[in-house]
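Below, read A as the first sequence line, B as the second, and so on, with proteins coming before strands; counting in each chain starts at 1.
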Protein chains: 2
Amino acid sequence: MSVDQDKFKQILREKGLKVTTQRISILKVLSDCDDKHLTAEEIYELVKIDYPEIGLATVYRTIQLLLELKLIDSVQLGDGYVRYEFGHNDEGGKKHHHHHLVCLSCGKVVSFEDDLLEKLEEKIEEKTSFRVVDHDVKFYGYCKDCL
Amino acid sequence: MSVDQDKFKQILREKGLKVTTQRISILKVLSDCDDKHLTAEEIYELVKIDYPEIGLATVYRTIQLLLELKLIDSVQLGDGYVRYEFGHNDEGGKKHHHHHLVCLSCGKVVSFEDDLLEKLEEKIEEKTSFRVVDHDVKFYGYCKDCL
DNA sequence: GTGGCTGCAAATGTTTTGCATCCGT
DNA sequence: ACGGATGCAAAACATTTGCAGCCAC
């Protein structure tokens with residue numbers, strides 16, 4: 001929460017960028033809705049509650065900034081929207097990889113931590129000489145509540 | 001090739017839909033460029049070579065139809081375009097699952113067959129009571145040629 | 001005070017839709 | 001000849017950009 005905000009402010013200052021109410025508000029919404037995977041429009045609507053003057057363009061520009069700073073990640077669930085989630089990166093920049101379980105009935109997205117993929121990555125490098133540096137894994141199905 | 005075309009024509013007739021030159025041409029392009037992962041615009045340009053009168057809207061409508069018939073699959077590689085590939089589904093409807101290796105340098109997409117994911121799916125069902133029915137797996141990295 | 005940031009509106013790029021016409025059945 | 005399919009243009013959609021004014025530094 002405020003740890004992230006302080007970190008954000010610090011990075012902005014280090015880069016000579018300005019700490020604005022809009023930027024802090026957007027980070028706060030993303031941090032508060034950590035598990036929601038919000039679209040830009042949804043972030044816009046949530047920020048407007050506390051800060052009605054904000055423009056959608058500012059939301060997009062701030063999302064772009066947060067992506068570049070690796071404070072958030074983008075997720076595409078195949079529904080035509082780009083969604084964003086608070087980044088769970090280590091201090092050292094190493095990613096806490098998690099996969100997404102997407103419910104085809106209610107649309108809910110649950111995260112799932114696992115490292116079995118690393119074995120598969122090794123297998124790929126062996127068999128195809130393709131050097132894997134990142135992956136994106138989604139499972140579609142039905143959640144406990146919808147079954 | 002023509003096996004797919006015949007299958008397509010048969011399905012169209014069964015559903016009371018019309019077999020048109022446009023529909024056959026679009027299927028042919030997708031079938032010929034099986035490994036290319038084309039965008040709608042790219043399909044449009046390719047079909048225009050043999051059939052210059054075609055409209056982009058027809059391409060989109062036919063893609064939609066082919067998706068519904070599960071003759072093609074859509075792939076989003078994260079570059080903002082929706083791409084389409086010829087479906088490799090069994091007769092029984094069971095998918096020949098393959099994953100995509102996307103080269104971050106040249107953009108080339110290679111397919112990789114593997115069933116290690118099934119273990120991971122079992123693990124998910126055990127741990128979270130989430131019933132998995134499909135998945136979408138992409139690996140990003142650098143291909144042999146680019147290394 | 002200055003330059004970066006913002007809000008607005010206009011532009012962009014992809015995909016969808018309305019409608020008159022066309023063509024497969 | 002009927003009704004679905006097509007081509008065109010306009011609309012819809014998310015996202016980006018240009019610019020004058022504003023505010024953090």
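At a threshold of 4.0 angstrom between heavy atoms, the contacts of A:Y44 with the nucleic acid are absent. Within the 4.0 angstrom heavy-atom criterion, only backbone atoms of the sugar-phosphate kind lie near A:E53; the bases stay farther away.
Aromatic ring centroids of B:H99 and A:H135 lie 6.0 Å or more apart.
Of the two residues contacting DNA chain C, namely B:Y84 and A:V59, the nearest-nucleotide position lying further toward the 5' end is that of A:V59. With the nearest nucleotide of DNA chain C identified for both B:L17 and A:R23, A:R23 has the one nearer the 5' end.
Here the nucleotide nearest the side chain of B:V82, chosen from C:dT15, D:dG7, C:dG7, is C:dT15. Closest to the B:Y60 side chain, of the nucleotides D:dG7, D:dT16, C:dT14, is C:dT14. Of all nucleotides listed (D:dG7, C:dT6, D:dT17), D:dT17 comes nearest to the side chain of A:A57.
C:dT15 atom P lies 15 Å from atom OH of A:Y81, rounded to whole Å. Between the CD1 atom of B:I43 and the C1' atom of C:dT14 there is a distance of 13 Å, rounded to whole Å. The distance from atom CD1 of B:I54 to atom C1' of C:dC22 is 15 Å, rounded to the nearest whole Å. With rounding to whole Å, A:L56 atom CG is found 16 Å from C:dA10 atom P. Between B:K48 atom NZ and D:dC8 atom P there is a gap of 9 Å when expressed in whole angstrom units. Rounded to an integer number of Å, the gap from NZ of B:K18 to C1' of C:dT21 is 12 Å. Note: CD (A:E68) to P (D:dT16) measures 11 Å, nearest angstrom. The distance between atom CD1 of A:I63 and atom C1' of D:dT15, rounded to the nearest whole Å, is 10 Å.
For D:dT6, one of the phosphate oxygens OP1 or OP2 lies less than 4.0 angstrom from a side-chain nitrogen or oxygen of B:T20. For the pair B:Q22 and D:dG7, the criterion of a side-chain N or O lying under 4.0 Å from OP1 or OP2 is met.
The nearest pair of heavy atoms linking A:Q76 to B:G78 is OE1-CA, 3.6 Å.
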Pair A:E85-A:H37, side-chain hydrogen bond (donor to acceptor under 3.5 Å, both in side chains): steps then yes or no: CA-CA 5 Å; A:E85 66 180 353; A:H37 305 84; 2.9 Å; yes

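At a threshold of 4.0 Å, the pair B:K108-B:D145 counts as salt-bridged, since one of the basic side-chain nitrogens sits closer than that to a carboxylate oxygen.
Donor-acceptor pairing under 3.5 Å, judged by distance alone, is present between the side chain of B:R61 and the base of D:dG7.
In this structure, B:I24 is a member of the same hydrophobic cluster as B:F86, with clusters built from ILVMFWY side-chain heavy atoms closer than 4.5 Å.
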